[in-house]
Structure formats: structure tokens, C-alpha cells
Peer 1: 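Dumping the structure here so I can ask a few things about it.
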Amino acid sequence: MPNLKKVAVLIALLLLSSHAPKTFAGPALDRTIFERLFEGPKIVNIVDDFLVYWEQAKHLPLVRQRKLWMQMVENKHRDYFDRAVYRNTDLKSRRAMLNEFLVRVPEKIDAIREFNRNISDAHTSLLIMAFIDFKTRFREYQQQRDIYIGLSLFRFDGSVRPVHNDSGIPDTLCLGAEVLADYPPDHLRVALLHEFFHLYHFSFLFQQPALAEFRTPHMPLMIEGMAVAGTEAIYPGHKRSFYLHFSDEELTAQQEELSASAAHFLELIAFSAPPERYAPWFANSQSDDAPPRGGYLLGYEVINRVLATSSLEQMLHMTPAELREHAEEQLSAMASGGILILASSH
């Protein structure tokens, strides 16, 4: 268990170097460890507030649950919910999202409580383990913003969202506890590493002046492909289907159609398709236009090819134009039949 030992040693050093009195209670001590580890940014735990809210709201009718939710949870974390969860939706849509959450969440309470207990304890937290793993591979990475142990109203497991700025630039790691609560430890760890990679990549990518290019199809393809490949590099030893969140059968089926998928996505890039056209490629649902999460597999295949001549560190600094050139070149090769066999090493 080398990673657990690494975590234990780091926490021991933090405890020895801390000037906090030995009589500090557990939660206060945990906050000190998190803040020292992340070098300033804090863990903002919305789930704590939600669990307090739920004890008062669980037997109330829906209309009173909504009112109490606004008072005890949402208004306290307004920027998070506006920018990370609702994301410019109208009031009717917001109410529908909240109603769905309040109807579905009772069966998740025990799992959410257990998830919150584990991730908030600095001595057992997979969030700390993932952060240490990431820093071991990318030593220059610095955590810039607070991290939210939040609720996504069942919209995402983990995501990087624009919580701390008005310009829409994704800069903040947001966790959807009610979704992540169902993940086994290995899957949770991969999800966290995937999002840390996005944070690191975005710290370079969004310094580029050509912001209009971020809406073009090749950007999510390369961004997600890099995050999958980066997570595999940090936490090796699993099947590639594991990093893609595919079953082995799903991976096999999509590999058989990879040439056709590459040709289809190449057309989306060529015609600068709008987000609503390429979004199905990054959704976990079947559609007439794209296989479930098919963009992750395509992006991962492209990135593996680019890694033959460039390192992940070099790719992190590529401009949108450079990423597009690589995407078009590799998708063209794939569409013409030059497919790497992803499962060959496992």
C-alpha cells in the first residue's frame, strides 16, 4: 500500500509542523491539514450544510423542502449553484432540477453521509491521495482555487466550473457528492485525477487569446482525451476501459466502429459544428448521432498517437490551433483505417 504510506507520512509531517493546540477537535484539525496541503485554497463542504438541512427537511412536503433548501443551502453557496450547477438556466428549469433532486435524494442519504465522512477525513481522504498522486507526476502544479465538496443535483460526478470568475473560464473543482457516493474507491480516485488534470490543463489553455476556438469540436475531443491519458499515466495498471468508464464490451463495440466514428467527427471539425451538434459525443447516453461517451475514446486514441512524438507536458502547453492540427491529422489516419489496438497491452 505505498500510496497510503505516502499519505500517512505527509500528514504526520503536517501534524508535526502545525502550531495548532493538541486539544483541537478532529474537524478543525482536518481543515488545517487540507489547507496546509493545498497551500492556501480551502475545502468548501456544502454537503455538511446539506446534511444539517436534511435532518430538518426530510419529513416536510416538497414546497417546504424547497424553501428551507434556499435558506440553509443554496443561498449560502450562491456562486457555486449559479455557476456550477444551474449554469444560466431559467427559474422554471432550476425548480425542475431541484424538485428532481429532492425526490431522488432520500435513497442516497446514507451513501452521501458515508462519502462525506470519508472524503472529509484528512487521514483517509481519497481527495488527498489523488492530489498527492497528481503532484508527484506534475510537481509544478499549484492549487489556485477552493475545492467544493458539493452537490450537482445529479448533473455531474466531478467537473471544473467557472465559480470564481465572471468571464466563464473554468477554474474550480466541483464534486457532485450524490453521484460520487456510488463510486468504488478506484473509480472515485480516477474521477478526481481526471478533474485535477483538467484544472492543470486549463491553467495554461485559457491564457490563450483565441477564446472563440474553445467552442469548436476539436477542443473537447483533445481536452478529454488528454485527461484520460493523463490519468492513466498517473495511476497505471488498469485496463483502458477503466479510465474511459466503459465496460469491456462497450470498448470492444466502439473500437469496431472507430474508423466510422473518426470520419464522422472529422466532419464536425471541418464544418465547425456548434456545441449542440458535438455534445452527444461526450454524453453517457445513446443517440442517433454518437455512441455513448464516444468522444472520450476518440480523443484518447488521438492523444495516444500524439504521445509517440510529444510528452504530456508539451501537450499541456499547445495552443488550440496546434491541438486542432493534431486532431485532424490523427482522425484522418484513423478514418482511413490506421487504428491503434487499445486493448493490446491488457
Side-chain angles (χ1 to χ4, degrees), residues 1-14 30 33-44 115 118-150 156-161 163-164 170-177 180 183-207 222-238 240 242-245 296 299-300 303-304 307 310-318:
M1 303 289 287
N3 285 311
L4 288 176
K5 290 180 180 178
K6 183 164 54 178
V7 171
V9 169
L10 179 60
I11 291 174
L13 290 173
L14 289 171
D30 287 347
I33 292 172
F34 273 107
E35 289 171 21
R36 290 174 67 84
L37 180 63
F38 293 122
E39 299 175 331
K42 302 183 295 297
I43 302 296
V44 180
F115 169 84
N118 289 333
I119 205 165
S120 301
D121 183 343
H123 298 272
T124 61
S125 177
L126 284 175
L127 179 59
I128 283 184
M129 186 178 292
F131 180 77
I132 292 172
D133 285 344
F134 195 87
K135 285 279 287 185
T136 300
R137 177 64 174 79
F138 299 102
R139 295 182 181 276
E140 67 277 19
Y141 174 72
Q142 297 293 322
Q143 187 67 34
Q144 299 295 322
R145 303 291 186 182
D146 296 343
I147 296 173
Y148 284 81
I149 302 175
F156 57 80
D157 52 5
S159 187
V160 178
R161 298 288 168 95
V163 175
H164 287 288
D171 62 355
T172 304
L173 175 55
C174 303
L175 306 181
L180 291 171
Y183 283 24
D186 276 350
H187 287 80
L188 173 58
R189 193 167 171 185
V190 162
L192 293 170
L193 287 171
H194 187 103
E195 299 307 328
F196 274 123
F197 191 95
H198 282 326
L199 270 179
Y200 189 39
H201 188 195
F202 292 167
S203 69
F204 302 114
L205 193 60
F206 284 91
Q207 293 179 14
M222 301 299 279
I223 286 170
E224 295 299 348
M226 287 176 66
V228 174
T231 299
E232 183 181 21
I234 298 165
Y235 187 35
H238 293 269
R240 289 180 168 98
F242 172 74
Y243 302 103
L244 289 159
H245 295 284
Y296 289 83
Y300 177 58
I303 297 305
N304 275 328
L307 285 173
S310 301
S311 68
L312 275 170
E313 286 80 359
Q314 289 171 323
M315 294 191 70
L316 282 164
H317 293 273
M318 288 183 182

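It should be emphasised that the depicted structure is a prediction, and the values quoted were computed from it without experimental measurement.
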Peer 1: Side chains of Cys174 and Phe156: does their closest heavy-atom pair fall under 4.5 Å?
Peer 2: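 When only atoms from C-beta onward are counted, Phe156 and Cys174 do touch, with a gap below 4.5 Å.
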Peer 1: Considering all heavy atoms of both residues, which atom of Leu175 and which atom of Leu173 are nearest to each other, and what is their separation?
Peer 2: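 It is CD2-CD1, 3.9 Å.
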Peer 1: To the nearest 0.5 Å, what is the distance between OG (Ser125) and CD1 (Ile43)?
Peer 2: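 CD1 of Ile43 is found 7.5 Å from OG of Ser125.
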Peer 1: Nearest 0.5 Å, please: how far is NZ in Lys42 from CG in Asp146?
Peer 2: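 That separation rounds to 4.0 Å.
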Peer 1: For the residue pair Leu193 and Thr231, what are the closest heavy atoms and their distance?
Peer 2: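 Closest pair (atom of Leu193, atom of Thr231, distance): C-OG1, 3.8 Å.
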Peer 1: Report yes if the side chains of Ile128 and Leu37 come closer than 4.5 Å at any heavy-atom pair, otherwise no.
Peer 2: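 In short, these two side chains touch, coming nearer than 4.5 Å.
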Peer 1: Show, in sequence, the C-alpha distance, side-chain angles and deciding distance for His198 and Glu224, and conclude whether the side chain to side chain donor-acceptor pair (under 3.5 Å) test is met.
Peer 2: CA-CA 8 Å; His198 282 326; Glu224 295 299 348; 3.1 Å; yes
Peer 1: Tell me every residue that passes salt bridge (Lys or Arg N to Asp or Glu O under 4.0 Å) with Arg145, counting only those two or more places apart in sequence or in another chain.
Peer 2: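 Scan of Arg145 (salt bridge (Lys or Arg N to Asp or Glu O under 4.0 Å), adjacent residues dropped) gives Asp171.
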Peer 1: Roughly how far, to the nearest 0.5 Å, is CG of Asn118 from CG of Leu188?
Peer 2: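 Nearest 0.5 Å value for the CG-CG distance: 9.5 Å.
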Peer 1: Assess, by modelled atom type and distance only, whether the side chains of Arg161 and Tyr148 contain a donor and an acceptor separated by less than 3.5 Å.
Peer 2: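 No pair is found: no donor N or O on one side chain lies under 3.5 Å from an acceptor on the other.
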Peer 1: Applying ring pair (Phe, Tyr, Trp, His ring centres under 6.0 Å) between Phe202 and each of Phe204, Tyr200, Phe206, report the one that passes.
Peer 2: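 Considering Phe204, Tyr200, Phe206, a ring pair (Phe, Tyr, Trp, His ring centres under 6.0 Å) with Phe202 is found only for Phe206.
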Peer 1: Leu316 vs Phe197, test: side chain to side chain contact (heavy atoms under 4.5 Å, CB included). Steps then yes/no.
Peer 2: CA-CA 10 Å; Leu316 282 164; Phe197 191 95; 3.7 Å; yes
Peer 1: Assess the residue pair Gln142 and Lys135 against the criterion (side chain to side chain contact (heavy atoms under 4.5 Å, CB included)); give the C-alpha distance rounded to whole Å, side-chain angles, the decisive distance to 0.1 Å, and a yes or no.
Peer 2: CA-CA 8 Å; Gln142 297 293 322; Lys135 285 279 287 185; 3.5 Å; yes
Peer 1: Which heavy-atom pair separates Ala233 from Pro236 by the least distance, and what is that distance?
Peer 2: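 Smallest heavy-atom distance, with atoms named: O-CD, 3.9 Å.
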Peer 1: If you take all heavy atoms of Gly237 and Tyr243, which pair is closest and at what distance?
Peer 2: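 So the two residues come closest at N-OH, 3.5 Å.
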Peer 1: Please round to the nearest 0.5 Å and tell me the distance separating atom NE2 of His201 and atom CG of Leu312.
Peer 2: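 Here the rounded value is 10.0 Å.
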Peer 1: So, taking the atom named CD1 in Ile147 and the one named CD in Glu195, what distance separates them when rounded to the nearest 0.5 Å?
Peer 2: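 Here the interatomic distance stands at 11.0 Å.
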Peer 1: Any ion pair linking Glu313 and Arg137 (charged N to carboxylate O, less than 4.0 Å)?
Peer 2: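 Salt bridge flag = yes for Glu313 with Arg137.
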Peer 1: For Asp157, check salt bridge (Lys or Arg N to Asp or Glu O under 4.0 Å) against everything at least two apart and list the hits.
Peer 2: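 Asp157: no salt bridge (Lys or Arg N to Asp or Glu O under 4.0 Å) contacts found.
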Peer 1: Using the six-membered ring wherever Trp is involved, compare the ring planes of Phe134 and Phe196 and label them parallel, tilted or perpendicular (cut-offs 30° and 60°).
Peer 2: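 Plane angle between 30° and 60°, so tilted.
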Peer 1: Between Leu180 and Ile119, is any pair of side-chain heavy atoms under 4.5 Å apart?
Peer 2: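 They are not in contact (no side-chain heavy atoms under 4.5 Å apart), so the answer is no.
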Peer 1: Relative to Tyr235, does Arg189 satisfy both conditions: NZ or CZ under 6.0 angstrom from the six-membered ring centre, and within 45 degrees of the ring's axis?
Peer 2: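 Judged by the rule (NZ or CZ under 6.0 Å from the ring centre, within 45° of its axis), Arg189 counts as positioned above Tyr235.
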Peer 1: Working note: Tyr296 + His245, criterion side chain to side chain contact (heavy atoms under 4.5 Å, CB included); need CA distance, chi angles, decisive distance, verdict.
Peer 2: CA-CA 9 Å; Tyr296 289 83; His245 295 284; over 6 Å; no
Peer 1: Working to the nearest 0.5 angstrom, can you tell me the gap between Gln144 CD and His164 NE2?
Peer 2: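 If we round to the nearest 0.5 Å, Gln144:CD and His164:NE2 are 11.5 Å apart.
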Peer 1: Could you pull out the closest heavy-atom pair between Ile234 and Asp133, with the gap in Å?
Peer 2: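 Smallest interatomic distance, heavy atoms only, reads CG2-O, 3.6 Å.
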